[in-house]
J.: 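There's a structure below that I have some questions on.
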Protein chains: 2
Amino acid sequence: MDKLRKHLEEIIALSDEEFEYIKTFFVPKRVKKHQYLIQEGDQANLEYLILSGIFRMFYLDSEGKEYIVQFAGENWWMADYQAYFNAKKATLHITCMEDAEVLCLNLAGREKLAAGLHKMEHFFRVKLTKGYTAQHRRIISLLSSTPQQRYEEFGLLYPHLMQKIPKKYIAEYLGVSRETLSRLYTNSKGR
Amino acid sequence: MDKLRKHLEEIIALSDEEFEYIKTFFVPKRVKKHQYLIQEGDQANLEYLILSGIFRMFYLDSEGKEYIVQFAGENWWMADYQAYFNAKKATLHITCMEDAEVLCLNLAGREKLAAGLHKMEHFFRVKLTKGYTAQHRRIISLLSSTPQQRYEEFGLLYPHLMQKIPKKYIAEYLGVSRETLSRLYTNSKGR
DNA sequence: AAAAAAGTGTGACAAAAGTCACAGCGGTAA
DNA sequence: TTACCGCTGTGACTTTTGTCACACTTTTTT
């Protein structure tokens, strides 16, 4: 739980009592590679803080094609927020790509925390703000950049993922086919 | 200012004194068609609540092409959040498409409001949550749907905009060329 | 260690979307 | 009213990307 405290204190200051209270809302969980945190149709009322490991969140269309909404590693929060905030069933999948440890927070607990501690409401707002602007960037990138540029941007933004993650998943994240992505960088090696 | 109170009270309950205090942070402004709220390079430290009218927010690439990040109408909030939250210069443009009235809130005021009133912090968090999930949907749509489908989804989500707004802007929002969009719906009239 | 599964690059071809050019329409402003 | 400007549809062509098939490599599992 040390990691949790450190994570929270990057944004808000906490007394020992406050943290003791806060931590009662979080439940630790170990997750192995290939294991799902959430699957389509689940009652996705949990949010996860990743302590270690890597996950990918993806949408599966009616033909069984995957589209990656985001990757997530240490200190990222993950949930099917649409399901989470509207108490609907999940439309996304979250799966583990590298053995992981996470903390689970359920929706009721989260709202109780936010309502009870102004600091925590603030924490969630700040986190959400960052997520919001990140998504914003992604939308602009999807609209205005070529796959080539998106690939390069990805490399700059997530150099560690670039190495660890199979290219086919990066292609799914960028919104191009595996083959097109492969040609992008093999044809531009010299440039 | 009545509209502001009504808007806030959709999410939080306010006493008269609280509202009196809150409203001192907002500055009303009238905006005419074609007028800019924000231009690239501005010090974009203002956020706007739209009381009436329609705006579009867009990114302009190095070749002068427009890509629409979002449209906004009554009761929407708008800002170049990346500039706003990081105190950087704007990279986006916001322009008026239909005569409008807005309320301006500056960043310092916003943070003071959120810090001083737990309720307002909550309000901002809830609003942000909605924006976050909306963007989420958009990303999935950009990744997984054909232009055809995106056009149809747009019509379902924003029927009023569909009528009021020139098709070329809808094309820019969907991420396809004007010509392609035109062909999409003229070729499927019979279906 | 062997077998199975997953990831990758590449060629040939098909499909989708972009670009350019032009004509007509409709509203706005002088 | 007339002149202008922005919006729209459409044809011809180019470019980009996707799809399918296959071979090869690497990783994982038994």
Side-chain angles (χ1 to χ4, degrees), chain A residues 31-36 53-54 56 58 60-68 71 93 95-99 141-152 154-155 161-191, chain B residues 32-36 54 56 58 60-68 71 93 95-99 141-152 154-155 161-191:
Chain A
V31 192
K32 291 226 160 229
K33 189 169 175 177
H34 294 137
Q35 197 178 327
Y36 280 82
I54 298 178
R56 72 175 192 275
F58 60 95
L60 216 58
D61 75 9
S62 54
E63 281 154 20
K65 266 195 204 162
E66 261 189 49
Y67 302 90
I68 293 183
F71 297 109
H93 303 255
T95 200
C96 181
M97 301 178 74
E98 201 173 77
D99 291 6
S141 171
L142 284 171
L143 287 175
S144 71
S145 301
T146 63
Q148 171 84 259
Q149 293 168 318
R150 297 208 292 274
Y151 180 68
E152 286 162 11
F154 185 88
L161 290 181
M162 199 64 154
Q163 299 170 335
K164 281 195 183 175
I165 289 182
K167 299 272 191 293
K168 60 172 274 196
Y169 293 122
I170 296 178
E172 286 174 26
Y173 179 89
L174 298 176
V176 286
S177 71
R178 183 182 68 72
E179 293 92 333
T180 297
L181 180 64
S182 167
R183 289 179 179 114
L184 282 183
Y185 53 76
T186 55
N187 295 341
S188 62
K189 275 276 170 55
R191 296 201 290 120
Chain B
K32 290 224 160 231
K33 190 169 174 177
H34 295 136
Q35 197 179 329
Y36 281 83
I54 298 178
R56 73 175 192 276
F58 60 95
L60 215 59
D61 76 8
S62 53
E63 281 155 21
K65 267 195 203 161
E66 259 190 50
Y67 302 90
I68 294 183
F71 296 109
H93 302 255
T95 202
C96 181
M97 301 178 72
E98 200 173 78
D99 291 6
S141 171
L142 284 171
L143 287 175
S144 71
S145 300
T146 63
Q148 171 85 259
Q149 293 168 319
R150 296 208 293 274
Y151 180 69
E152 286 162 11
F154 185 88
L161 290 181
M162 199 64 153
Q163 300 171 334
K164 279 194 184 176
I165 289 181
K167 298 271 191 293
K168 60 172 273 196
Y169 294 122
I170 296 178
E172 286 174 26
Y173 179 89
L174 298 178
V176 287
S177 71
R178 183 182 68 71
E179 294 92 334
T180 298
L181 181 64
S182 166
R183 287 176 180 119
L184 282 182
Y185 53 75
T186 55
N187 294 341
S188 62
K189 277 278 170 54
R191 296 200 291 118

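To find a chain, count down the sequence lines: A is the first, B the second, and so on, and within it residues start at 1. Below, each value reflects all heavy atoms present in this structure, side chains not excepted, and no hydrogens, waters or symmetry copies.
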J.: Shortest non-hydrogen contact from A/Met162 to A/Gly155?
T.: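 For A/Met162 and A/Gly155, the tightest heavy-atom pair comes out as CE-CA, 3.8 Å.
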
J.: A/Gln149 side chain to A/Thr146 main-chain N or O, any donor-acceptor pair under 3.5 Å?
T.: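 Here the side-chain-to-backbone pair exists.
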
J.: Hey, can you tell me if B/Phe71 and B/Phe154 have their rings parallel, tilted or perpendicular (30° and 60° cut-offs)?
T.: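 Perpendicular, since the angle between the ring planes exceeds 60°.
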
J.: Is any side-chain N or O of B/Lys167 closer than 4.0 Å to OP1 or OP2 of D/dT8?
T.: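 The answer is no; no side-chain N or O of B/Lys167 sits under 4.0 Å from OP1 or OP2.
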
J.: Residues two or more places apart in sequence or in another chain: which of them pass side-chain contact (heavy atoms from CB on, under 4.5 Å) with A/Glu66?
T.: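 Once residues adjacent in sequence are excluded, the partners of A/Glu66 under the side-chain contact (heavy atoms from CB on, under 4.5 Å) criterion are A/Arg56, A/Phe58, A/Leu60, A/Ile68, A/Tyr169, A/Glu172.
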
J.: To the nearest 0.5 Å, what is the distance between CG (A/Leu174) and NZ (A/Lys167)?
T.: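 The NZ atom of A/Lys167 is 11.0 Å from CG of A/Leu174, to the nearest 0.5 Å.
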
J.: Expressed as a whole number of angstroms, how long is the span from B/Tyr169:OH to D/dC7:C1'?
T.: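 To the nearest whole Å, that distance equals 9 Å.
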
J.: To the nearest 0.5 angstrom, please state how far the NE2 atom of A/His34 sits from the OH atom of A/Tyr36.
T.: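 Output value for this atom pair is 9.0 Å.
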
J.: Which heavy atom of B/Arg150 sits nearest a heavy atom of B/Val176, and at what distance?
T.: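 Heavy atoms only, the tightest pair is NH2-CG1, 4.0 Å.
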
J.: Along DNA chain C, 5' to 3', what are the outermost nucleotides having an atom less than 4.0 Å from a heavy atom of chain A?
T.: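 Both ends considered, the range comes out as C/dG7 to C/dA12.
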
J.: Please name the pair of heavy atoms, one in B/Cys96 and one in B/Glu98, separated by the smallest distance, quoted to 0.1 Å.
T.: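 Heavy atoms of B/Cys96 and B/Glu98 come nearest at SG-O, 3.0 Å.
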
J.: Go along nucleotides 18-30 of chain D 5' to 3' and tag each nucleotide: B for a protein heavy atom under 4.0 Å from its base, S when only backbone or sugar atoms are that close, - otherwise.
T.: BBBB------S--

